[in-house]
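Because the structure is a prediction, the values reported are computed rather than measured. Numbering starts at 1 and runs along the sequence shown. First listed ligand is number 1; within each ligand, the first listed atom is number 1.
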Amino acid sequence: MLYEISEKVIKLENEGKKIIKFNLGDPDQPTPPEVIEAAYEAMKKGKTKYSSAAGEKNLRETLAEIHGVSADNIVITAGSKWAIFASMYLLLKKGENVIVPTPHWTAYDLTAKSFGAEIKILRTELESDWKVDFEKLQKLIDDKTRLIILNNPNNPTSKVMDEKTVEKITNIADEKGITILSDEVYADISFVKTKSVLDISPNHLIVKSFSKTFAMTGWRLGYAIANKELVEKIVKLNQITLTNVPAFIQEGALKALELRHEIIRKIREEYRRRADMACKLLSKTSLKFSKPEAPFYLFPKKEGLDSEKFAFDLLDKGVAIAPGTSFGNYREHFRLALTAPNDEVEQGLKIIAEAFK
Ligand code: PMP
């Protein structure tokens with residue numbers, strides 16, 4: 001459905017129509033110029049050759065220092081998406097299963113299904129503040145369960161799991177010998193403190209990305225933090241597939257890390273302003289939603305809504321959104337990605353607010 005909407009957006013734009021795009025989580029902000037400059041300098045200095053499948057040593061060491069792990073626990077990947085695919089590919093076999101709290105980012109189930117693994121859905125609801133029911137989680141676990149995927153902060157709800165929940169799920173996974181794949185790509189820019197699985201137990205793996213934190217989606221740069229054995233396996237997979245993330249891209253990443261406090265502060269504040277604006281405008285409507293605790297999504301609900309139909313109707317009014325059915329069985333919800341320029345965000349939100357007066 002996300003794909004169909006994107007295609008329709010492209011078609012309408014080609015016809016000369018202006019569309020406000022809330023359908024994709026691709027930040028409108030430019031990559032910081034210092035990062036672009038650093039990558040360009042690296043290219044000029046000849047960092048344009050094949051390089052390490054594990055990632056550049058200095059980048060791995062810098063990340064290791066930031067996360068308090070060893071560089072051997074880090075592998076640089078082409079976006080966190082590759083880290084997710086590679087680890088699922090290595091840890092899950094046909095006939096085994098993975099538990100995913102929903103609503104969820106669709107790539108998890110598409111990836112699992114692509115090699116015959118089953119996805120077990122752990123449903124959470126807006127009405128219970130998206131809380132995970134631990135009893136339900138325990139009941140879903142069987143002898144074929146290999147992975148639990150957590151996405152904290154969550155896409156599409158922008159909800160951050162409280163520390164106790166992260167601890168409890170990690171303890172359950174440790175007791176049962178199940179690995180957690182914790183997708184923490186929004187954690188560094190979240191509005192509230194986000195507890196990492198890594199701070200609780202060394203048995204699991206986390207994936208992170210430069211995409212959202214530094215407005216670098218197109219650079220394709222992410223990483224996994226895992227035990228040495230899994231890191232080595234991902235490195236081998238890199239060797240036979242993408243070879244390496246370009247070394248000059250990694251030089252840009254080093255610069256981003258050097259300036260991270262300043263860059264993150266600016267990016268986070270921008271998204272916080274937009275989230276506040278959205279909450280203010282939408283709170284005057286009949287929509288129900290939880291206040292975002294991280295950039296940049298909202299996942300409102302309207303009882304009885306057919307969000308797929310709504311998405312197409314709204315496109316005729318010049319606003320693109322993602323229907324809730326793209327994130328599990330959430331037809332009454334839709335997702336807004338506040339990743340358009342500020343004036344467009346306000347204009348688009350007003351059009352949506354009008355529909356739910
Ligand atoms: N995880 C989540 C939850 C996402 O929303 C996305 C991108 N939309 C990714 C991972 C992948 O990001 P990237 O590959 O750009 O790091």
**Q** Against F299, only a single residue in F327, F289, F334 fulfils ring pair (Phe, Tyr, Trp, His ring centres under 6.0 Å); can you say which?
**A**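 So, applying the ring pair (Phe, Tyr, Trp, His ring centres under 6.0 Å) to F299 and each of F327, F289, F334, only F327 qualifies.
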
**Q** Give me the atom names and distance for the closest heavy-atom approach of T170 to I180.
**A**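 So the minimum-distance heavy-atom pair works out to CA-CD1, 3.6 Å.
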
**Q** Any heavy atom of F210 closer to ligand 1 than 4.0 angstrom?
**A**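 Contact absent.
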
**Q** If you measure every N or O of Y108 against every N or O of ligand 1, does any of those distances drop under 3.5 Å?
**A**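 No, there is no polar N/O contact under 3.5 Å.
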
**Q** Give me the nearest non-hydrogen protein atom to atom 11 (C) of ligand 1 as residue plus atom name, then the distance to 0.1 Å.
**A**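 Answer, as residue, atom name and distance: S80 OG, 3.3 Å.
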
**Q** Counting each atom of ligand 1 from 1 as listed, which ones have a heavy atom of S209 under 4.0 Å away?
**A**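 Atoms satisfying the 4.0 Å criterion: 13 (P), 16 (O).
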
**Q** Closer than 4.0 angstrom, basic N to acidic O: yes or no for E354 and K357?
**A**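 K357 and E354: salt-bridged.
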
**Q** Heavy-atom distance to atom 4 (C) of ligand 1: which of W219, Y186, Y297, F296 wins?
**A**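 Looking at heavy atoms only, the winner is Y186.
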
**Q** For residues D109 and H104, is any side-chain donor paired with an opposing acceptor at under 3.5 Å?
**A**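 Present: a donor and an acceptor within the cut-off.
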
**Q** Of all the heavy-atom pairs spanning Y330 and T124, show the shortest one and how long it is.
**A**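 The pair with the smallest heavy-atom distance is OH-O, 2.8 Å.
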
**Q** Any atoms of ligand 1 less than 4.0 Å from a non-hydrogen atom of K81? List them with their elements.
**A**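 The list of qualifying atoms is 14 (O).
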
**Q** Check ligand 1 against G79 and write out every atom of the ligand that is under 4.0 Å from a heavy-atom position of the residue.
**A**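 Every atom of ligand 1 under 4.0 Å from some heavy atom of G79: 14 (O), 16 (O).
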
**Q** Give a yes-or-no answer on whether the side chains of D183 and Y108 include a donor-acceptor pair shorter than 3.5 Å.
**A**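 The answer is yes; a qualifying pair exists.
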
**Q** With heavy atoms only and a cut-off of under 4.0 Å, state how W82 meets ligand 1: side chain, backbone, both or neither.
**A**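 For W82, no heavy atom sits under 4.0 Å from ligand 1.
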
**Q** Tell me the protein heavy atom at minimum distance from atom 1 (N) of ligand 1, and give that distance in Å.
**A**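 The protein heavy atom lying closest is D183 OD2, 2.6 Å.
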
**Q** Which protein non-hydrogen atom lies closest to atom 14 (O) of ligand 1, naming both residue and atom, and how far is it?
**A**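 Ranking protein heavy atoms by distance from atom 14 (O) of ligand 1, first comes R220 NH2, 2.7 Å.
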
**Q** Which residue and atom name correspond to the protein heavy atom nearest atom 9 (C) of ligand 1, and how close is it?
**A**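 Result: W105 CH2, 3.3 Å.
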
**Q** Check whether NZ of the Lys or CZ of the Arg K47 lies under 6.0 Å from the centre of the six-membered ring of F248 and within 45 degrees of that ring's axis.
**A**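 So K47 doesn't make the cation-pi contact.
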
**Q** Short N/O distance, under 3.5 Å, between N151 and ligand 1?
**A**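 In this structure, N151 places no N or O atom under 3.5 Å from an N or O of ligand 1.
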
**Q** Counting non-hydrogen protein atoms only, what is the nearest one to atom 7 (C) of ligand 1? Give residue, atom name and distance.
**A**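 Looking only at protein heavy atoms, the one closest to atom 7 (C) of ligand 1 is K212 NZ, 3.1 Å.
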
**Q** Just heavy atoms, cut-off under 4.0 Å: does S211 contact ligand 1 by side chain, backbone, both, or neither?
**A**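 It is the side chain that gets close, since no backbone atom is under 4.0 Å.
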
**Q** Is E96 paired with K93 through a side-chain N to carboxylate O contact shorter than 4.0 Å?
**A**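 No, no charged N to carboxylate O under 4.0 Å.
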
**Q** Are any of the N or O atoms of T217 closer than 3.5 Å to those of ligand 1?
**A**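 For ligand 1, there is no N or O atom that lies under 3.5 Å from one belonging to T217.
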
**Q** Hey, is K159 close enough to E293 for a salt bridge, meaning N to O under 4.0 Å?
**A**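 Result for this pair is yes, salt bridge flagged.
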
**Q** With a distance cut-off below 6.0 Å to the six-membered ring centre and an angular limit of 45° from the axis, does R272 pair with F296 as a cation-pi contact?
**A**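 Judged by the rule, R272 and F296 form no cation-pi pair.
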
